[in-house]
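A note on names: the letters A, B, ... follow the listed sequences, proteins ahead of strands, and every chain is numbered from 1.
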There are 2 protein chains.
Amino acid sequence: MNINPKKISNPQLKEQEFSINHQKLIDATIETIAKRGLADTTIAQVAKKAMVSQGYANFRFKSKENLLLSSLKFLSDEYKNSWQRIFEDSSLDPVGRVIKIIENDFSGKIASRNKIAVWVSFYSEVKFRPSYLTICQKQDEIYSSQMEKLIKELNFLTDQTFLTPREISETYLSMVDGLWQRILFDPKIYSHVFCKGLIKKYFKNIYTDEKRFV
Amino acid sequence: MNINPKKISNPQLKEQEFSINHQKLIDATIETIAKRGLADTTIAQVAKKAMVSQGYANFRFKSKENLLLSSLKFLSDEYKNSWQRIFEDSSLDPVGRVIKIIENDFSGKIASRNKIAVWVSFYSEVKFRPSYLTICQKQDEIYSSQMEKLIKELNFLTDQTFLTPREISETYLSMVDGLWQRILFDPKIYSHVFCKGLIKKYFKNIYTDEKRFV
DNA sequence: TTTTGTATTGAATAATCATTCAATATGGGT
DNA sequence: ACCCATATTGAATGATTATTCAATACAAAA
């Protein structure tokens, strides 16, 4: 009389299986938020998409709030990892590093429409949910300061003095946020190629001698 | 036994009174969305803030959805009006017009933290609410093309040829969106003065001979 | 004054959802 | 073969909330 058969739990896979269900729920949450918005995301829908029972989803994550937070944390960590990989790559010079960052910010993995929708949803509530801020704010400050330092190196290597590193880095970061939002709005116009091109052109205009900002 | 006395309806004021209640509800909606988010905005809260009964709010706007849409429409119209005023002002040359636009985009009236919170909330749901798109998309295309035309005049008057009007205008528009989002996130750092300064510096770097981009 | 139409209320309704939990399934250890 | 610990279910509960609507208040007309 049991329609949904229980999952087989293999002892060697216990840890991994935990991860699988955990991740399935987070993926389903991201998809659901992207499809219906934070407001209309229900545990029932997420559980259905993840193919587990509603009770299980709640049991695993203790609360809906916690499930949402975990999803944001997942995106935040994913971004952090890709960022760190670029900064730890010692084979890159400043220009190469900037280019990698641009490409990462508009890669299929990081800047998929679903994930952007989730980011923007959380951003829109950051004002009154301190828990969301906690997850992102500190990282965001790190990105700001690392970017600024990187631009400082770039300025040092070139004859660019009119714009300060702070200005260039803030301009870059706000452009990315704005373009992400616009990808949601009109993905036809704001393709990844278009966005990357626009930003590279911005840099090319500043560092006119540097040929790598295609 | 009537705690909340009914409003006095003066015949000469009927139209205006309609507007007053209408506008009170819209203002209350904006405040509530900004304070609690789209998800947690209830008609009861909005009605309470507007000091009318819950039933009345629903009666006036027919549905919650309609109340939200009307609030977005209000913001959209407000923006449109200020934009048009700038474009209709024949005393302005292209540079003056660009400066006015920048100042408008970060004015206290247009870019208050509450209003930005509402914009971002709606943006975050635009992907799956065609009704939101309907209100903003066409206007947005107009702003894009008018801005591009304006930059074209600017390029014509100067020796700037490296960046196309399209590129400059898209960069400007995405920076505004990004900075608005960042105002929500961290209003201390992203003050109106900071945002305007950053954008003017962007233009100053492009049009080096133009002294008015302070 | 009485009537009438409109504005406004507030309580009832019905729907939606997060959360809880007792019941059930599973697979390894005994 | 039986027991135990853990994983998972799904139905019940209770809270929240949009929406409805009958009742009320009011102002102008008669």
Side-chain angles (χ1 to χ4, degrees), chain A residues 1-26 28-29 32-33 35-71 125 129 131, chain B residues 1-26 28-29 32-33 35-71 125 129 131:
Chain A
M1 222 51 47
N2 192 12
I3 306 175
N4 292 28
K6 311 292 156 68
K7 302 300 171 326
I8 299 153
S9 101
N10 177 328
Q12 288 117 321
L13 288 181
K14 216 167 252 180
E15 252 319 298
Q16 193 192 342
E17 203 199 53
F18 169 87
S19 296
I20 286 174
N21 271 349
H22 186 92
Q23 192 57 40
K24 269 205 304 192
L25 278 163
I26 286 187
T29 304
T32 307
I33 294 175
K35 193 177 191 174
R36 322 176 60 99
L38 271 185
D40 289 349
T41 289
T42 69
I43 297 223
Q45 290 155 5
V46 171
K48 192 179 171 193
K49 197 178 290 262
M51 290 191 296
V52 301
S53 72
Q54 178 170 352
Y56 182 70
N58 220 276
F59 168 77
R60 270 292 190 209
F61 285 89
K62 295 205 301 292
S63 71
K64 182 185 177 183
E65 174 77 358
N66 192 252
L67 174 61
L68 297 179
L69 283 174
S70 301
S71 305
E125 308 229 327
R129 308 231 186 198
S131 46
Chain B
M1 221 49 49
N2 191 12
I3 306 176
N4 292 28
K6 310 292 156 69
K7 302 299 170 329
I8 299 153
S9 102
N10 177 327
Q12 288 118 319
L13 289 181
K14 215 168 253 180
E15 252 319 299
Q16 193 193 343
E17 203 198 54
F18 169 86
S19 297
I20 286 174
N21 271 349
H22 187 92
Q23 192 57 41
K24 268 206 305 191
L25 277 163
I26 285 187
T29 304
T32 307
I33 294 175
K35 193 178 192 173
R36 323 176 58 99
L38 272 186
D40 288 349
T41 291
T42 69
I43 298 221
Q45 290 156 7
V46 171
K48 190 178 173 193
K49 196 177 290 260
M51 291 191 297
V52 299
S53 72
Q54 178 171 353
Y56 181 71
N58 219 277
F59 168 76
R60 270 292 188 209
F61 285 90
K62 294 206 300 293
S63 71
K64 181 187 176 183
E65 173 77 358
N66 193 252
L67 174 60
L68 296 179
L69 282 174
S70 301
S71 305
E125 308 231 326
R129 308 232 185 197
S131 45

Checklist line | Whole-Å gap separating C1' (D/dT20) and CZ (B/Phe61) | finding: 18 Å
Check: Rounded to the nearest 0.5 Å, what separation is found between the CD1 atom of B/Ile26 and the CG atom of B/Leu68?
Finding: 10.5 Å
Next item on the list: Would you mind reading off the distance between B/Phe59 atom CZ and D/dA22 atom C1', rounded to a whole angstrom?
Entry: 14 Å
Next item on the list: Round to the nearest Å and state the distance from B/Lys24 atom NZ to C/dA7 atom C1'.
Entry: 13 Å
Notebook entry, point to check: Considering residues, nucleotides and ligands other than A/Lys48, do more than 12 of their heavy atoms fall under 6.0 Å from its NZ?
Noted result: no
Checklist line | Nearest-0.5 Å distance, CD of residue B/Gln23 to OG1 of residue B/Thr29 | finding: 9.5 Å
Residues 37-44 of chain B, side-chain donor-acceptor partners within the protein, below 3.5 Å, at least two apart:
| residue | atom | partner | partner atom | Å |
| --- | --- | --- | --- | --- |
| B/Asp40 | OD2 | A/Arg129 | NH2 | 3.2 |
| B/Thr41 | OG1 | B/Gly37 | O | 2.7 |
| B/Thr42 | OG1 | B/Gln45 | N | 3.2 |

Checklist line | Nearest-0.5 Å distance, NZ of residue A/Lys64 to CG of residue A/Leu69 | finding: 12.0 Å
Next item on the list: Report the nucleotide, chosen from C/dT9, C/dT19, D/dT19, that has the shortest atom-to-atom distance to any side-chain atom of B/Tyr56.
Entry: C/dT9
Notebook entry, point to check: Heavy-atom contacts under 4.0 Å between residues 39-46 of chain B and DNA chain D, which residues?
Noted result: B/Thr41, B/Thr42, B/Ile43
Next item on the list: Verify the contact: side-chain N or O of A/Arg60 to OP1 or OP2 of D/dT8, cut-off strictly under 4.0 Å; return yes or no.
Entry: yes
Margin query: Can you measure B/Asn66 atom CG to D/dA18 atom C1' for me and round it to whole angstrom units?
Written below: 14 Å
Note to self: On DNA chain C, compare the nucleotides closest to B/Gln54 and A/Asn58; which residue's is nearer the 5' end?
What the structure shows: B/Gln54
Margin query: Output the rounded distance in Å from CG (B/Leu25) to C1' (C/dT8).
Written below: 12 Å
Next item on the list: Rounded to the nearest angstrom, tell me the gap between atom CD in B/Glu65 and atom P in C/dA15.
Entry: 20 Å
Checklist line | Validation row: A/Phe59, A/Val52 side chains within 4.5 angstrom (heavy atoms) | finding: no
Checklist line | Residue whose closest nucleotide on DNA chain C lies nearer the 5' end, A/Gly55 versus B/Gly55 | finding: B/Gly55
Notebook entry, point to check: Taking atom P of D/dT20 as reference, at what distance in whole Å does atom NZ of B/Lys62 sit?
Noted result: 11 Å
Next item on the list: Sequence neighbours left out, what passes side chain to side chain contact (heavy atoms under 4.5 Å, CB included) with B/Lys35? Give chain and number order.
Entry: B/Lys49
Check: Counting side-chain heavy atoms from C-beta on, which of D/dT8, C/dT9, C/dT19 comes nearest to A/Lys64?
Finding: C/dT19
